[in-house]
Amino acid sequence: MTAATTGDPVILSFIFFMILFLGGIWLMGLAQSLEDFQAIVFVGGLLVTSLSLAFMMRAGGSATRRKDNWSGNATE
């Protein structure tokens, strides 16, 4: 099974990534203005931002269309 490189699944996953990423950054900024629970909200924002990056990194395939990116050998 190959990863989608165009079409609706890619667009939807990008929108999901952006919502998580920007939401995490917003939470970290919001923590500065709160009087209580600053640390909890900041760590929550940090976790959401990290989750969004992990979501994008787990996606199979790449723009270079290599089957094994860690070997250093392009298969195409």
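Values below: all heavy atoms of this structure, side chains included; hydrogens, waters and symmetry mates excluded. If you read the sequence from its start, that first residue is 1, and numbering goes on from there. Just so you know, these numbers come straight off a predicted model, no measurement behind them.
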| Contact list for residues 21-50, test ring-ring contact (aromatic ring centres under 6.0 Å, His included), sequence neighbours left out | F17-F21
| Taking all atoms of both residues into account, what is the closest heavy-atom pair of M28 and L46, and its distance? |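 Taking every non-hydrogen atom into account, CG-N, 3.8 Å.
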Distance (rounded to the nearest 0.5 Å) between [X] [atom1] and [Y] [atom2]:
X: L27; Y: L47; atom1: CG; atom2: CG; value: 10.5 Å
X: M56; Y: L20; atom1: CE; atom2: CG; value: 11.0 Å
X: L22; Y: S52; atom1: CG; atom2: OG; value: 8.5 Å

| task | Not counting sequence neighbours, which residues clear ring-ring contact (aromatic ring centres under 6.0 Å, His included) with F16? List them please. | result | F55
| message | Going by side-chain contact (heavy atoms from CB on, under 4.5 Å), name the residues that satisfy it together with L34, two or more places apart in sequence or in a different chain. | response | L30, Q38, V41
| said: Please determine whether residues I25 and F14 belong to a single hydrophobic cluster, defined as Ile, Leu, Val, Met, Phe, Trp and Tyr linked transitively by side-chain heavy-atom distances below 4.5 Å. | reply: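 Yes, it is one cluster - the side chains of I25 and F14 are joined through contacts under 4.5 Å.
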| field | hydrophobic_cluster_shared for V43 and L51, side chain cutoff 4.5 Å | value |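 Different hydrophobic clusters.
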